[in-house]
Amino acid sequence: MKPAFSVIFLTTLIGAAQGLFLALFTHQSYALFGLLPMQSDDFYGYGTLIVMVLLAAGLVASFFHLGRPERAWRAATQWRTSWLSREVIVLPAFMGVAFLFGVSHLFGIRPEIVTLPGGQVVDLSLLLGVVGTLLAFALFVCTAMIYACLRFLKEWNSPLTVINYILMGGSSGFILAAFYAVSAAPDQADFFAGWAIIITVLALIGRVASLIRNARLKPTSTMQTAIGVKHPKITQRSMGAMGGSFNTREFFHGKSDSFLRAIKPAFLLLAFVLPLVLLAISLSTPALLGLAFILQYVGLLAERWFFFAQANHPQNLYYQTVG
Amino acid sequence: MTQLALVIDLNVCVGCSACVTSCKEWNTSGSAGPLVDERPYGENPTGTFFNRVQTYEMGTFPNSETMHFPKSCLHCEDPPCVPVCPTGASYKRKEDGIVLVDYDKCIGCKYCSWACPYGAREIDEKQKVMKKCTLCVDRIYDMTMPEEDRKPSCVKACPTSARLFGDIHDPESAVSVAIREDGGYALMPEWGTHPSNHYLPRRKTKMKIHADELERADNPLKLDQQLPKPDKDQSTMDDVSAW
């Protein structure tokens, strides 16, 4: 498939945003039970502001994917059958709840809702945080299922796609949270960095697993089933278009095989290995966390490019020779 | 239930592309506006077509065979492109099974084209909406046309009658009979899309004539024996009478 930069930016930006939200709320939940010192409302509030900025940037990027963005509202109507439609509903819902979560912290609107038997006070921000967490996971699932549900794109049609979207978004968000904590709550940076290391290791395992799986895939469709002729040697002589068509532009990445082969180790290094090294060092030198986030973001852009480019659409069987 | 479809006889198709130009002409002149054409007379012409004729070669020269292969939307009975559409612009008509795009609802996200294993959908780069074969829905029900013209443009244009059009759910229709009796098959059956359009395979027509069949077996009076012919240098009656 041809990687669209609008979608690459959308999925990486909102992935980081969802991860950061999960990181902030994880901290608040720990703090609720006294496992970590509760931070000021400003820490969670301004952190959520970063979430909102990333989500908004992702939303803007997504509009560049549409031919007719003025009709985008219609995309919310087919949630019964379309994962894309579900994403269109869940993304603004998550934005809304994250916004309210931030407002509740920044303006101190935290009415008490219930007191747990252990004496922990559940207030509005916590309730919003729980709803936001559910929506963040729902959004990961929707985004990934857009690709995972297409059964003839075998590289995507796997539960690993969903798992990896969650893990890579989580990794990106927790590294960002650690970087944010360095300036906003320096003594909490290690908590986020520790989780970031765990999630990044899991993300690396998940991504390598999907690379191994994809390397062993055999195409289901062949030239023989495509045109219905049982002959071992079929050559296309003409595709019915001289100057290319939508079919030749949309379904091929347009780069050489060697470029594709070079991207794979590059994104594994940038998105997983280097951030892990920097995270390990950052436990003593926290200043490196910013570099870790930026390097990993570049790596995730490359990862997403590769994710699209690697998927081989069966329609390409019909478009091999201009003629 | 009706399921309109095309049946394309690959044994008859000569690859003239009359269906391609006729389709383009009809559908670029319709109420939905023109089908885009970029640089139509330039170096790299490109544009949106609903139907294309491709050519394949089987085997290695000199033991090779050429097949022309018209390809358009197959109007699948279980179309994977329809449920993925986020706006409902892509839909399959209940009354006749035609898969259509509502150009006024399409947001141009191209997701449906990703979900079609056949590459049957092409975006209109000017109107920024997805387009595809409509089975000439604006033609086959047009009561102002004489009945014999109420067929898809490609079917009317085919000079060899390689394209049949009809209801494949009606067991007595010409298309159903052709599929049943002439080995009609679907493309990429492995995905379970159940394409409505079918193809009839190429076949070689062979006839074996045995030597005894060249003579009348029942020939008691030897009337069918070869007449004696004069040698080339002998004079014949023609020579005598030619003066």
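Chain naming here is simple, since letters A, B, ... match the order of the sequence lines and numbering starts at 1 in each.
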- Show the numbers, then the answer: is there a side-chain contact (heavy atoms from CB on, under 4.5 Å) between Ser113(B) and Phe246(A)? CA-CA 10 Å; Ser113(B) 72; Phe246(A) 174 69; 3.5 Å; yes

- Query: Would you call Glu190(B) and Arg151(A) a salt bridge, taking side-chain N to carboxylate O under 4.0 Å as the test?
  - Reply: no

- Item | Residues of residues 50-67 of chain B within contact distance of chain A, non-hydrogen under 4.5 Å | Arg52(B), Val53(B), Gln54(B), Thr55(B), Tyr56(B), Glu57(B), Met58(B), Gly59(B), Thr60(B), Met67(B)

- Message: Using every non-hydrogen atom in the two residues, find where Leu66(A) and Cys109(B) come nearest and quote the distance to one decimal.
- Response: CD2-CB, 3.7 Å

- Query: Given Val84(B) and Gln78(A), is the side-chain contact (heavy atoms from CB on, under 4.5 Å) satisfied, shown in steps?
  - Reply: CA-CA 8 Å; Val84(B) 301; Gln78(A) 300 301 306; over 6 Å; no

- Task: Take Leu187(B) and Tyr318(A) through the side-chain contact (heavy atoms from CB on, under 4.5 Å) test and state the conclusion after the steps.
- Result: CA-CA 12 Å; Leu187(B) 305 183; Tyr318(A) 295 109; 3.7 Å; yes

- So which of Arg121(B), Glu122(B), Arg202(B) has the biggest tally of heavy-atom pairs under 4.5 Å with chain A? Glu122(B)

- Cut-off 4.5 Å, heavy atoms of chain A, and the answer for Pro70(B) is neither

- Query: Taking all atoms of both residues into account, what is the closest heavy-atom pair of Gln315(A) and Gly119(B), and its distance?
  - Reply: OE1-CA, 3.3 Å

- Query: So which of Gly243(A), Pro69(A), Ala311(A), Gly244(A) has the largest heavy-atom pair count under 4.5 angstrom toward chain B?
  - Reply: Gly243(A)

- Note on the structure: Note: vs chain A, highest number of non-hydrogen pairs under 4.5 angstrom among Gly47(B), Cys106(B), Ser17(B) is Cys106(B)

- Message: If I compare all heavy atoms of His313(A) with all of Pro117(B), which pair ends up nearest, and what's the gap?
- Response: CE1-CA, 3.7 Å

- Query: Closest approach of Trp191(B) and Ser221(A), non-hydrogen atoms and distance?
  - Reply: NE1-OG, 2.8 Å

- Message: Non-hydrogen contacts under 4.5 angstrom with chain B: give the residues of residues 81-88 of chain A involved, or none if there are none.
- Response: Thr81(A), Ser82(A), Leu84(A), Ser85(A)

- Can you check whether anything in residues 149-175 of chain B gets within less than 4.5 Å of chain A, heavy-atom wise, and list it by number? none

- Which atoms of Leu153(A) come close to chain B, meaning under 4.5 Å heavy atom to heavy atom: side chain ones, backbone ones, both, or neither? side chain

- Report, by ascending residue number, the residues of residues 30-41 of chain B in heavy-atom contact with chain A at a distance under 4.5 Å; give 'none' if the set is empty. none

- Heavy-atom contact with chain B under 4.5 Å, split by part of Ala72(A): backbone

- Using the side-chain contact (heavy atoms from CB on, under 4.5 Å) rule, take Trp114(B) and Glu250(A) through it: C-alpha gap first, then chi angles, then the decisive distance, then the call. CA-CA 9 Å; Trp114(B) 294 14; Glu250(A) 179 72 6; 2.9 Å; yes

- Of the backbone (N, CA, C, O) and the side chain (C-beta and beyond), which part of Cys85(B) lies under 4.5 Å from a heavy atom of chain A, both, or neither? backbone

